[in-house]
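Start at 1 and go down the list; that is how both ligands and their atoms are numbered.
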Amino acid sequence: MKLVLILAGWLFALTVQASSIMQGEDGYRLWLKYDPIDNADVQQAYRQHAANWFVAGNSATTQVIKDELDFALKGLLGEASATDAESAGLIVAAGDNATVYRQKLKIETADLGDEGYLIQQVRWQNKPRLVVLANTDVGALYGTFHLLRLMQTQQNLENVALRSAPKTQLRVLNHWDNLDRHVERGYAGQSIWDWHKLPDYRYQRYFDYARANASVGINGTVLNNVNADPLILTSQYLDKVKALADIFRPYGIKVYLSVKFSSPQLIGGLKSSDPLDKKVQAWWKNKADEIYQAIPDFGGFLVKANSEGQPGPGDFGRTHAQGANMLAQALAPHGGVVMWRAFVYANEKNEERSKQAYSEFKPLDGKFDDNVLVQVKNGPIDFQPREPVNALFGATPQTPLMMEFQITMEYLGFSTHFVYLGPMYEEVLKTDTFAKGKGSTVASVIDGELYDYPITGMAGVANIGTDRNWTGHIMLQSNWYVFGRMAWNPSISSATVADEWVRMTLSNDNEVVTKVKDMMMASHEATVNYMTPLGLHHIMGAGHHYGPAPWVDSLGRADWNSVYYHQANSKGIGFDRSPSGVNAVEQYFSPLKEEYANPATTPEKYLLWFHHLPWEYNVASSGRTLWSEIVHRYYQGANTVKEMANTWDSLEGKIDPWQFHQVQMAMTIQQKEAIWWRNACVLYFQQFAELPIPEGLEKPEQSLEYYQSLSFPHAPGQG
Ligand code: BDP
């Protein structure tokens, strides 16, 4: 037996690391690999359509389309080349260049707007052709990427006829990147913006970043951290920002900046930053003029104000609306927008943290200028592994709300935990707010359907850095991908997106697709279980947020501490936000407020978010006591990770070896950390419950003291 084990171990080492040189896919190419299509029939069929292609027009964007098609089709089909319209099997045209096709083929494109497109098989001059038509070149670029996606995922193109237009207007990444290249809550290396070498040094990575974003419809990027450095608005930095804007423009991507509200004082030499002060207003107006002089299509400002120590209009006795409108008025003549964050909570308020965004912004509904969006994190606290939705969604008929999701894994295991966020985003977007009766989903709020918002948008806090694989973990590339796909269409299913991502990034092999997709779809729930089951939240390490720390009780503000959030004591556990507690449920529309007020009707996933319940409370779905259910969930979460790791191992040889190995190494860490989370939390809560770990479950190998003694002063990504 021993010998067999030794032999097996040796063989394993041999296959995983046969040499000190690892060749294969390092992940840089993301989902845009364009390797040869491995099915000869499919490839043959595609050749007939696309081996000869024609792109009408000569703009910077049509050049991007031509470059992408040339590169992609040569890769996918072996050979392909540009030709004239007469001989092309594939024709891409937009705007005036598409008029002839629209008219002769009697195809309507008006409904596709500025960014939509259609892909259709037609007969043109007696030959079957594929056409990608749009009203703008950027629309044609999006259509081109969609066509390439169909080919990468080996879809049947015979008689294809599809039309697509984005449901939200601003689909924006938020980089929490500092000017010294440290990325707050970044786990994938440094910031990809090399400010020191800009504006002259233009990395290929900037172009590949733009390609990746355009391929999923992302059309904006906020380059710098919401905890903004005022220097970004100096002319020295604006030159650098211009260089990036120039690179991104042909890809349909606008740049935005996070601004510090006190910039007029910090870099403008003014004595105040009061939004009602004429000098302050003039300063911002001049600054906006200066920016637009260099970057005519500049997107606008993102603002974190009066939040976590950041300055804001509140410092001058003004409201968020007065602050936002002052900036909005500076940007309005140029067509820019203000994305004003609702992530605010203050000690002085003497109101429970989860309620503060609503209390602050609901009364301001209707008071914002037309070019302001209020950007709201999906949950009422802060990007926890799972939260109910923020009660603000649906509550502001006259103020466009923009979704803010976190793509980076601050509270979900950094970059070694395999968590596909699609199901989490989908859960949020599908939640019915009941704002205008049944069917008032969060998606319908943010895509503008419910209240006819004039501007709409979705933001995602980026998980991108200088790591070769961009996101620190191959699987986490899928979160960048799904963010873009859901921003384009908030109703798309996360399973559909997972399917296409796996096919493009890993393999079209059915076994790989099925198994990896299943892992992806199970991954978020698994992590919620081993970190914060049943509505627990904010019990991670202090400051860096790495690992379990339900014992944190000594931070400066009550609502930064874990003990504040779980409220465990000898009687029970959970935060009473029902009418008998802080009554956060009152902020929701009926019937949610009644549902959440009563533990029996609260979805179990939010149970301890809304209620403090006795350890012996009966959990309906399992019939277990609350204590036993919590413990089971922690064990179940860790077990799921083990199963995922086994499934991954079974795919060896079916996935590129380097991709395979990278994910395998991360899964080893994740397995250890899932058990660490499980053990630390179960042992900690056991002190209060004073009940045994149920029979049949293995005992934690270390003591609570051991877990409490661990410290990680250099954990990455700190704020
Ligand atoms: C918190 C992060 C902090 C951010 C803050 C924000 O820990 O780094 O600055 O959110 O969104 O979750 O402003």
Taking the inter-plane angle between the rings of Tyr565 and Phe575 on a 0 to 90° scale, is it parallel (under 30°), tilted (30 to 60°) or perpendicular (over 60°)?
tilted
Tyr453 vs Tyr451 aromatic rings, parallel, tilted or perpendicular, using cut-offs 30° and 60°?
tilted
List the protein residues in contact with ligand 1, where contact means a heavy-atom separation under 4.0 angstrom.
Trp176, Glu184, Arg185, Val226, Asn227, Lys304, Glu308, Arg341, Phe343, Lys377, Asp382, Glu410, Tyr411, His545
Pair Glu360-Asn306, side-chain donor/acceptor within less than 3.5 Å
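No, Asn306 and Glu360 have no side-chain donor paired with an acceptor closer than 3.5 Å.
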Run through Lys362, Arg577, Lys355 and flag the one making a salt bridge (charged side-chain N to carboxylate O under 4.0 Å, His left out) with Glu586.
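The option that passes is Lys355.
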Taking only residues two or more places apart in sequence or in another chain, which ones pass side chain to side chain contact (heavy atoms under 4.5 Å, CB included) with Asp553?
Val563
Ring center gap for Trp470 and Tyr481 short of 6.0 angstrom:
no
